[in-house]
Colleague: 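Supplied in structure tokens, the structure appears directly below.
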Amino acid sequence: MQQRPLRGLALFTVLSLAIAACGGGGATSAPPTGTGPSVPAESEPAESEPAESEPAESEPAESEPAESEPAESEPAESEPAESEPVESEPAESPPDGAGLTGVMEVLAQYTEADEIATTRYDIFTDQNPDLEVTFTESNFDAATFLASVAAGNPPDVVRMDRAIIGTYVANGALDPIDQCITHRSIDMSQYRQSAVEGVTMGGQVYGIPEFYDSRIILINDSVLEEVSLTVEDIDTSDWAALSAVNEQLMAKEGDSITRLGFDPKIPEFLPLWAAANGTSLISDDGLTSNLDDPLVAEALEYSVSLVEAHGSASDFLDFRGNGPGGVDFFGAQNQFVEDTLGAFPMEQWYLNVLAGASPDEGVSFAPFLDREGNEITFASGSAWVIPAAADNKEAACEFMRVVTLPDTWYAAAEVRATTRAADGEPFTGTYTANSVADERIFSELVTEESAGAYYEGVQLALSTADDAITLPPNAAAEEFTRIWQDAVQRVLNEGVSAADALADADQEAQAALDAAQP
Amino acid sequence: MTSETRWALIFLLPWIVGFVVFTAGPMVASLVMSFTDYNVIQEADFVGLENYERLLADRRVKGSLENTAIYALLHVPGVIILSLGLAMMLLRVGRASGFFRTAFYMPSITPTVAVGALFLVILSGNGLFNQGLSLIGIDGPNWLTDPPWVKPGLVIMSLWSLGSTVVIYFAALRNVPLELYEAARMDGANAWQQFRNITLPFISGAIFFTLIVNTIASLQIFAEVFTMFFGATQSGAGQSSALFYVIYLYQKAFSDLEFGYASAMAWLLFVIILIITAIQIRASRRFVYYEGSR
């Protein structure tokens, strides 16, 4: 059946049915697009700042400088350009972007965006005075994006979570950008490897990495002191010892939890625990589920045991989300101030939150170690991508290049550093997926003085950023995530064994991956 | 065609156009889509009954239907009984009834997403609701994170917005002829007998209407639950017990880009609602009394 004649009506139909199914009013109205699941929990909030909602471990991305990266002007010799051409990209446009004309629509916020975003966008628009740049003034939302695709008028460049790119690639919504990379001499070696892996499918690159989240362990000093432990005792390589530490850190009054010990941050951080146990949830090519790997089951079983040591999983989860401190995760009465948490692995952007909300709180930092004792972390973040049906791919390519250049990042970070300094607020850095940019930002703009007590954490986050693993893009992106997170929930809430839950999940995930292949 | 009929059709035309363009047309198109692998982006291929066969084998469809059915079974009687009780109390407050009607209705105009976010706080382990229960010696459960209590918690939340049902019952109750109560009292009927034999029959039409409307609404619940368990402020727990049918439909369409499958899901829900409504209408012949019906 040919879709084209029915295209508009078809989307309209499904949207209408979804809206109708969601009800026309009262308790059943459809969700606003902004709350849609399109952007998963790990989606991007406004640029480098975390969304102040709640402990949904997600948020913006940040990164660290690799010791000595090449300067950003390096041409693209490091990145292959073996992919298929982006049809509408004229081959002879100049690499500096001069001469770009027409209109380019960016799926991102501008008016409500922070200085990290607006400064970079302004640099691009200043460089291209003959190009009319418009912004959708929204973050990525699948419903909105798909509606624009169905209407044949998608934005020219889209800011999207790297974790969901696979689905859009598999469905033909995104073009590979290898020719853009070659043509614009974009040096892909400046971007962190795990971030580039997060936008690469089938050997072709589909996006330019933007922000970069990595994870380190944050430790509550006053709790450590209270139970006579040291930072060195928070060692994720020794699971037996960590269990004992968890017991020491936690506190209860009767059956009620009054303090979490070591929060393993599951379900979200299962990939990190699996990596610590020497495995991954999915094969490197993103085609095969690895959920039935006994090492994954062992990692899940162990991380669940850290939760269950507190009592029931529901008590633990309720305390984590709604207990003292947890309910003010982004505020001055956070769990470190309230002493309701011993330690947890967390994205490094949270340093920014703590530095602002509780600058004087005693927090120590430790790397997440695998069972061999090696430092590891898990990376996520956003990327810029070009829809296959975009009209102005040439401008989109240049936009992606410019807004992720080290100089551009530096300029944006400098604005923020200046603003924070003027406001008397700490500045712990802007973590990008560009290691050259990070090197400059963190060596020149982030100081012990600007980051305060969190400087040590910043340094640790930077030093571990290149040890990051990431889940490779896969065609069933969000569905795959839902499946393994559901398995974790079954173990936590239903008492199903980790092996059984993951065996079921593996079958379901493999079916989803197979069905999602183009 | 008489002139009167023509004018009637002319006046109906805006509605007819709206119905065809915004309801019937999309429904027919979605029926077609349900037999394809449509994903918005690429050309659709006809896949026959594959989507419907998958529905039968999809354990999440089964789980989400179970969740939805349990919710509906708790929500609909809860709304009807509580609303009727409130409406009957409103009859007794005299001039203050206007104020209370407004007060009861206010939550109905609160944005559903805001309601979801609000109840994340109210229903948390140490939230207002459990604090209230503790005053009467009840140690409340974790409404948001303990799977068996998630759906009852959502029903509690839904009861917050029963203003429209209260208003309907209030209007129906005021239409019950007072002389019937007088006659019943003279015959020695007690309060329950009056309620059972006079009030209920006279408001049975209103009860029937709200039964159908609330049943359909409960089978389509989405926004508040999505906000609480699947959106940006998700509680991060109990998600499988809060996976209602329309939420799963939304995920299949907008997260997994399986619009053909989502269309099939929408049609399954449509058929389920159709069957339930048909049963309710048939049953209504036995218990609904229409005064002056011909």
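Letters A, B, ... mirror the listed sequences (proteins, then strands); counts begin at 1.
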Colleague: Would you say N322(A)'s side chain and S124(B)'s backbone share a donor-acceptor pair under 3.5 angstrom?
Modeller: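 The answer is no, because no donor-acceptor pair under 3.5 Å joins these two groups.
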Colleague: With a 4.5 angstrom heavy-atom cut-off, is it the side chain or the backbone of L174(A) that approaches chain B, or both, or neither?
Modeller: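 Contact with chain B involves no heavy atom of L174(A) at all.
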Colleague: Which atom pair, heavy atoms only, marks the closest approach of E494(A) to S240(B)?
Modeller: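 For E494(A) and S240(B), the tightest heavy-atom pair comes out as OE2-OG, 4.1 Å.
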Colleague: Are more than 12 heavy atoms, taken from residues, nucleotides or ligands other than F209(B), located less than 6.0 Å from that residue's CZ atom?
Modeller: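 Incorrect, the count does not exceed 12.
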Colleague: Does K62(B), at its NZ atom, have more than 12 non-hydrogen atoms belonging to other residues, nucleotides or ligands within less than 6.0 Å?
Modeller: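 Check fails, neighbour count at 12 or below.
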Colleague: Please round to the nearest 0.5 Å and tell me the distance separating atom CG of D318(A) and atom CG of N126(B).
Modeller: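 One finds 7.0 Å between CG of D318(A) and CG of N126(B).
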Colleague: Could you report the tightest heavy-atom contact between Y168(A) and F254(B), atom names first, then the distance?
Modeller: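 Of all heavy-atom pairs spanning Y168(A) and F254(B), the closest is OH-O, 4.1 Å.
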Colleague: For the CG atom of N142(B) and the CZ atom of F316(A), what is their distance to the nearest 0.5 Å?
Modeller: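 If I round to the nearest 0.5 Å, the distance is 12.5 Å.
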Colleague: Can you tell me which residue pairs pass the side-chain hydrogen bond (donor to acceptor under 3.5 Å, both in side chains) test with a partner in residues 500-509 of chain A, sequence neighbours excluded?
Modeller: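 As it turns out, the side-chain hydrogen bond (donor to acceptor under 3.5 Å, both in side chains) pairs with a partner in residues 500-509 of chain A, which skip direct neighbours, are S289(A)-D506(A), R490(A)-D504(A), S497(A)-D500(A), E508(A)-R59(B), E508(A)-R60(B).
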Colleague: At a heavy-atom separation under 4.5 Å, does A476(A) approach chain B through its side chain, its backbone, both, or neither?
Modeller: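 Neither part; nothing is under 4.5 Å.
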Colleague: Count the heavy-atom pairs under 4.5 Å between each of V488(A), T167(A), L492(A), N171(A) and chain B, then report the option with the highest count.
Modeller: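 When all of V488(A), T167(A), L492(A), N171(A) are compared, N171(A) has the most.
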Colleague: Short question: side chain of S314(A), backbone of T145(B) - any donor-acceptor pair under 3.5 Å?
Modeller: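 No, because the side chain of S314(A) does not come within donor-acceptor range (under 3.5 Å) of the backbone of T145(B).
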Colleague: Apply side chain to side chain contact (heavy atoms under 4.5 Å, CB included) to E479(A) and K252(B), showing your working.
Modeller: CA-CA 8 Å; E479(A) 188 173 14; K252(B) 294 309 289 181; 2.9 Å; yes
Colleague: Quick check: closest heavy atoms across L146(A) and A253(B), and the distance to 0.1 Å?
Modeller: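 Heavy-atom minimum between the residues: CD1-O, 4.5 Å.
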Colleague: Taking atom CD of Q489(A) and atom CG of L243(B), what is their separation to the nearest 0.5 Å?
Modeller: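 So the CD of Q489(A) and the CG of L243(B) are separated by 11.5 Å.
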